[in-house]
Every structure is written in C-alpha cells, then in structure tokens.
Amino acid sequence: MNEVLTEAPGARPAGRGRSGPRPHATAEAGATSAPKQVPRDADKTRLKILAAAAAEFAEKGLAGARVDAIAEASGANKRMIYYYFSSKDGLYTAVLERAYTDMRDAERALALDHLEPFEGIRKLVEFKFDYFVENPTTISLLNGENMLGAAYLKKSDRLRDMHAILVRTIDGLLERGALNGTMRSGVDPLHLYISISALSYFYFSNAATLSTAFGRELATPAENAIRRKHAVDVILAFLKA
C-alpha cells in the first residue's frame, strides 16, 4: 500500500541546505521538485498535512487514498510529505496516532480526577458523544482500521500508554464512588469505558443503516439530543449502588 517517491536529481529535501545531509527519499514518477521556500513553521505544515490526510483516509480508506490529493488539499509539496512521514503507510499511522492523541488530550482536559464520581462519569459520557458529533472523521478512520485488523495501530508505541492513563482515571472514579457507597463495586473500568464508547460510536457509525431500517432519520440535532441523554441515563443507572 506504500507509495514510493524517487528523489529527483539535484533536488533538496525541505529544511536542508545544499551542503547538508540528504535523507533517503524515493518518489512516484512525475513528482515535483522540493518547494522553493522552506516553511518557517514546520509544525504548522505537518498539522495541515495530517488534517488533509485524515479527511482523505476517512473518505477513501488506506487503499483508495492518494498522496497527490493530500498534497493538493494541504498545500504541501509531495516531497515534503514523504520527508516528514517516509511513506503513505507512515502517514496513515501518524493520522491514526493523531486521532487518538487528540481524543485523549481532550479527555485529559476534563480533569475528571477532581470531580465527584457520578459527575465525572456523566461528564465523560457526554464528552464522548459530543466528540463524535464534532469529529466524524474519527468514526470513519476507526472503522477502516478495524477492517484492517488494527494492523497499523499495532505498530504504535504510544497507543497503550495513552489508554492506560484513561483506564486508571476511570478506575479512580469507580473506587471513590464505591467507597462512599453511591456506586456499585466490582465494575471493570475497561469494560465500562467500552460501554460508554459503544453507546455513542455504534449510533454514529451505523446511523445510515439504522435510519433506513427503522424509517427514522438519526444523527439529526433532535435525535442526537435524545441519544445523548439516553447514553448518560444508561451508564449512570448501571453504576448506582
């Protein structure tokens, strides 16, 4: 699935002087030369590439996505994309990592550790639902990676650490709730998180087929409000002692 780039004779990689080291790079036939001006903000350029790539991979999957389209959408030269990410597979893996990083960072910003147990769980359920509303590409990216058997996420060294922190946070809320007698004891924090995620994820990932099957248009603002409340009620009712 990798697209490979061949370095054009005499071309310079982005960010290198003529006398500087030349990184290993390959190019697809017809690839353009390196940009005339080196971007001053490398991080900003990288984020633009990741945003364009996320949209392309979400719409067309890994196999159907084209680096040409990502380059055009991001305003970055194809050579720059390969300089940063080495290959199409490398870019895809970076997009998946970024999707999870953004989600975990947003969850961490909730500061659940400082909330009362039920309020913390409520806030997490509501956040999870709202996050999928605001980030629909995340649903498509995860669907695509599941079809690949998580082959690319397995290569990520950061993924498990990010999720371990989240599970510990949930476990802390459950432990405090059980100790003060308001929450049932013995709840597995990982399975609770899966249930929280599933109540929202399934609704959005299957909205088209469910809407067709039941003749009721889902994923509209009105239906979203009903589903959001339902998700909160289900989880909180389950946790009550």
Side-chain angles (χ1 to χ4, degrees), residues 58 96-97 99-150 153-154 156 158-211 213-214 216-241:
L96 291 174
E97 286 188 333
Y100 273 108
T101 298
D102 287 348
M103 193 157 42
R104 293 292 89 85
D105 285 348
E107 285 166 345
R108 194 157 44 243
L110 298 175
L112 300 177
D113 288 332
H114 304 291
L115 299 176
E116 290 298 315
F118 271 107
E119 180 57 27
I121 296 297
R122 173 190 293 277
K123 196 167 186 178
L124 180 59
V125 177
E126 292 174 340
F127 162 82
K128 201 68 181 175
F129 190 94
D130 294 341
Y131 194 87
F132 287 140
V133 172
E134 296 163 8
N135 298 274
T137 57
T138 301
I139 297 283
S140 299
L141 287 170
L142 297 184
N143 283 346
E145 181 62 2
N146 272 300
M147 290 178 67
L148 296 172
L153 280 177
K154 288 175 183 176
S156 173
R158 305 167 55 197
L159 189 65
R160 289 183 183 177
D161 289 339
M162 288 190 287
H163 283 71
I165 293 171
L166 175 62
V167 170
R168 285 199 298 270
T169 299
I170 295 172
D171 194 34
L173 291 170
L174 293 172
E175 199 171 283
R176 286 193 285 124
L179 285 173
N180 68 24
T182 60
M183 283 187 178
R184 63 191 299 175
S185 61
V187 176
D188 187 311
L190 171 58
H191 281 288
L192 179 63
Y193 178 74
I194 292 172
S195 295
I196 291 171
S197 183
L199 283 169
S200 300
Y201 182 92
F202 182 85
Y203 170 74
F204 289 109
S205 67
N206 290 43
T209 54
L210 289 171
S211 297
F214 292 101
R216 179 170 166 178
E217 191 63 30
L218 301 176
T220 63
E223 291 290 349
N224 286 352
I226 294 171
R227 182 64 187 180
R228 186 180 190 264
K229 182 179 183 303
H230 177 81
V232 171
D233 290 346
V234 167
I235 294 298
L236 297 189
F238 167 73
L239 289 176
K240 284 181 182 177

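Just so it is clear, the values below take in all heavy atoms, side chains as well, and ignore hydrogens, waters and symmetry mates.
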**Student:** Which word best sums up how the rings of Tyr201 and Phe132 line up, parallel for under 30°, tilted for 30 to 60°, or perpendicular for over 60°?
**Tutor:** perpendicular
**Student:** Please name all residues satisfying side-chain contact (heavy atoms from CB on, under 4.5 Å) with Asp233, sequence neighbours left out, ordered by chain then number.
**Tutor:** Lys229
**Student:** Should we count CD of Glu116 as having more than 12 external heavy atoms under 6.0 Å?
**Tutor:** no
**Student:** Under the 3.5 angstrom rule, does the side chain of Arg176 hit a backbone N or O of Leu115 as a donor-acceptor pair?
**Tutor:** yes
**Student:** Specify the closest pair of heavy atoms between Asn180 and Thr182, including all atoms of both residues, with the distance to one decimal.
**Tutor:** OD1-OG1, 2.6 Å
**Student:** In chain order, what residues pass the salt bridge (Lys or Arg N to Asp or Glu O under 4.0 Å) check against Glu175, with sequence neighbours excluded?
**Tutor:** none
**Student:** When you look at Tyr131 and Glu107, which way does the side-chain contact (heavy atoms from CB on, under 4.5 Å) test go after all the steps?
**Tutor:** CA-CA 10 Å; Tyr131 194 87; Glu107 285 166 345; over 6 Å; no
**Student:** For Glu97, check salt bridge (Lys or Arg N to Asp or Glu O under 4.0 Å) against everything at least two apart and list the hits.
**Tutor:** Arg158
**Student:** So, taking the atom named CD1 in Ile121 and the one named CE in Met183, what distance separates them when rounded to the nearest 0.5 Å?
**Tutor:** 5.0 Å
**Student:** Do Ile235 and Leu124 have side chains that get closer than 4.5 Å, going by heavy atoms?
**Tutor:** no
**Student:** Which residues satisfy the salt bridge (Lys or Arg N to Asp or Glu O under 4.0 Å) test with Asp171, sequence neighbours excluded?
**Tutor:** none
**Student:** So, for Ala207 and Ala219, which heavy atoms are closest and what is the spacing to 0.1 Å?
**Tutor:** CB-CB, 4.1 Å
**Student:** Are the side chain of Ser195 and the backbone of His191 linked by a donor-acceptor contact shorter than 3.5 Å?
**Tutor:** yes
**Student:** Once you round to the nearest 0.5 Å, how far does CG of Asp130 lie from CG of Asn135?
**Tutor:** 10.5 Å
**Student:** According to ring pair (Phe, Tyr, Trp, His ring centres under 6.0 Å), does anything in residues 219-241 pair up with another residue at least two apart or in another chain? List the pairs.
**Tutor:** none
**Student:** For Ser205 and Asn143, work out which heavy atoms get closest and say how close.
**Tutor:** CB-ND2, 3.9 Å
**Student:** Decide yes or no on side-chain contact (heavy atoms from CB on, under 4.5 Å) for Val232 and Phe129, but give the supporting numbers first.
**Tutor:** CA-CA 10 Å; Val232 171; Phe129 190 94; over 6 Å; no
**Student:** Decide yes or no on salt bridge (Lys or Arg N to Asp or Glu O under 4.0 Å) for Lys123 and Glu126, but give the supporting numbers first.
**Tutor:** CA-CA 5 Å; Lys123 196 167 186 178; Glu126 292 174 340; over 6 Å; no
**Student:** Atom CG in Leu142, atom OG1 in Thr138: separation rounded to 0.5 Å?
**Tutor:** 6.5 Å
**Student:** Check for a donor-acceptor pair, side chain of Tyr193 on one end and backbone N or O of Asp188 on the other, with a separation under 3.5 Å.
**Tutor:** no
**Student:** What pairs with Ala231 under side-chain contact (heavy atoms from CB on, under 4.5 Å), at least two apart in sequence or on another chain?
**Tutor:** Val125, Leu199
**Student:** Would you call Leu174 and Leu239 a side-chain contact if the rule is heavy atoms closer than 4.5 Å?
**Tutor:** yes
**Student:** Provide the closest heavy-atom pair for Ala178 versus Arg184 in the form atom of the first, atom of the second, distance.
**Tutor:** CB-O, 4.3 Å
**Student:** Between atom CG of Leu173 and atom CD of Glu119, what is the distance when rounded to the nearest 0.5 Å?
**Tutor:** 10.5 Å
**Student:** Supply the atom-to-atom distance Ile226 CD1 to Arg228 CZ, rounded to the nearest 0.5 angstrom.
**Tutor:** 13.5 Å
**Student:** Assess whether side-chain contact (heavy atoms from CB on, under 4.5 Å) is satisfied between Met162 and Met103, documenting all intermediate values.
**Tutor:** CA-CA 10 Å; Met162 288 190 287; Met103 193 157 42; over 6 Å; no
**Student:** Is a donor on one side and an acceptor on the other found under 3.5 Å between the side chain of Glu145 and the backbone of Leu96?
**Tutor:** no
**Student:** Report yes if some heavy atom in the side chain of Tyr203 is under 4.5 Å from a heavy atom in the side chain of Ile139; otherwise report no.
**Tutor:** no
